[in-house]
Amino acid sequence: MSKEEHSGAILTVDLTAIAANWKLLRDRLGSATCSGVVKADAYGLGAEAVGKTLAAAGCEVFVVAHLDEGLRLRSALPDAEIHVLNGAPPKTEPEFAAHRLIPVLNGLGDIERWRRFCAGKGEPLPADVHVDTGMSRLGLPPAEIDLLAAEPQRLSGIAPRYLISHLACADEPGHPMNGEQLAAFRRAHERLPLAEASFANSSGIFLGADYHFDMARPGIALYGGNPVPEKPNPMAQVVRLQGKILQVRDVDTPQTVGYGATYRISRPTRIATVSVGYADGFLRSLGNSGSAFIGDVEAPIVGRVSMDLTTLDVSAVPEAECLPGGLVDLIGPHNPIDAVADRAGTISYEILTDLGPRYHRVYTGGAA
């Protein structure tokens with residue numbers, strides 16, 4: 001018996017689509033570098049497989065969030081340039097140097113620790129400097145930007161790579177904060193002694209050339225998420241999640257479905273139970289709001305999504321096409337990740353990063 005037969009669902013990742021999405025973004029950027037953001041295990045899809053696919057497509061620069069993500073990616077991509085967004089926590093500097101990882105320095109304290117480490121090594125080592133232009137998360141706040149501009153020697157002994165910042169509202173092209181952040185970033189770039197800059201995320205790439213600078217850092221668009229929510233999605237779909245039907249039953253008397261009796265059947269109905277639940281990362285909020293597809297026919301989710309099971313109203317599906325052992329599309333051609341996210345009241349990022357380890361994963365194309 002195969003691993004596919006052992007599992008309750010099949011998650012297919014189209015690596016060729018990921019490579020095509022990166023190339024589309026690269027071409028849109030023109031002369032700016034298009035990196036690949038593979039943090040959170042490539043948004044839940046497997047950083048090693050995705051990283052190798054992007055590298056084969058021509059990507060040379062990669063971005064992760066944590067040191068351990070950088071270490072794992074380095075073992076898969078020995079020659080890549082890898083940036084670590086959350087920086088180098090105290091005492092981890094030797095590992096960054098040994099594995100040629102580039103920390104993002106998020107405050108004056110980070111800068112001072114990295115400067116002292118470089119002095120001890122006797123050589124300048126690369127690092128990025130992050131300035132906060134409105135997110136109020138990581139990055140040098142305005143007062144620290146002023147101090148660094150007045151005392152540029154604080155960067156002495158460091159080999160600055162990029163000045164970076166992060167857009168808060170890039171998926172809303174008309175939001176005034178985009179222009180405000182761009183102006184703040186330009187001011188910081190003029191004042192600080194870093195030659196190159198990186199600003200745009202996936203949606204930022206589509207705000208125009210003013211936002212591109214020297215390097216962009218696309219993430220969700222690589223994985224099929226729509227970077228321009230008000231327009232048709234220009235990206236190829238990457239993910240297909242197929243759950244297995246365990247049982248189909250006819251209900252011809254008033255009954256309720258699932259925990260909490262949140263769905264009441266009032267007419268003859270066929271219910272299919274599928275072996276996927278919130279323990280697999282299929283969100284509980286999809287209960288009574290989401291849907292699956294069997295072929296081209298939509299099957300609404302009825303009742304709550306439980307830990308291991310989801311129930312569908314398959315009354316509209318021909319009986320011969322809805323049998324135990326058959327597959328239903330929980331994410332697929334008719335219900336891409338953005339549509340599923342909308343039904344769940346969340347964003348496509350959460351849909352992807354919640355995809356759990358119980359699925360049988362299949363990689364197609366690319367570096368499969």
Would you kindly say whether Ser198 and Arg217 are connected by a side-chain donor-acceptor distance under 3.5 Å? yes

Kindly say whether Pro103 contributes a backbone atom to a donor-acceptor pair with the side chain of Trp114 at under 3.5 angstrom? no

Less than 6.0 angstrom separating the ring centers of His212 and Phe199, yes or no? no

For Leu192 and Ile145, which heavy atoms make the closest approach, and how far apart are they? CD2-O, 4.0 Å

Determine whether the side chains of His334 and Asp296 contain a donor N or O and an acceptor N or O closer than 3.5 Å. yes

Side chains of Asp313 and Thr269: is there a donor and an acceptor less than 3.5 Å apart? no

Check the side chains of Thr273 and Gln247 for a donor-acceptor pair under 3.5 angstrom, ignoring hydrogens and angles. no

Exceeds 12 heavy-atom contacts within 6.0 angstrom, atom CD of Glu112: yes

Is the distance between the ring centroids of Phe185 and Phe213 less than 6.0 Å? yes

Identify whether the distance between the nearest side-chain nitrogen and carboxylate oxygen of Asp41 and Arg72 falls below 4.0 Å. no

Lys/Arg N to Asp/Glu carboxylate O, Arg358 vs Asp308, below 4.0 Å: yes

Short question: side chain of Asn233, backbone of Gly224 - any donor-acceptor pair under 3.5 Å? yes

Does a salt bridge link Glu190 with Arg187, judged by any charged N lying under 4.0 Å from a carboxylate O? no

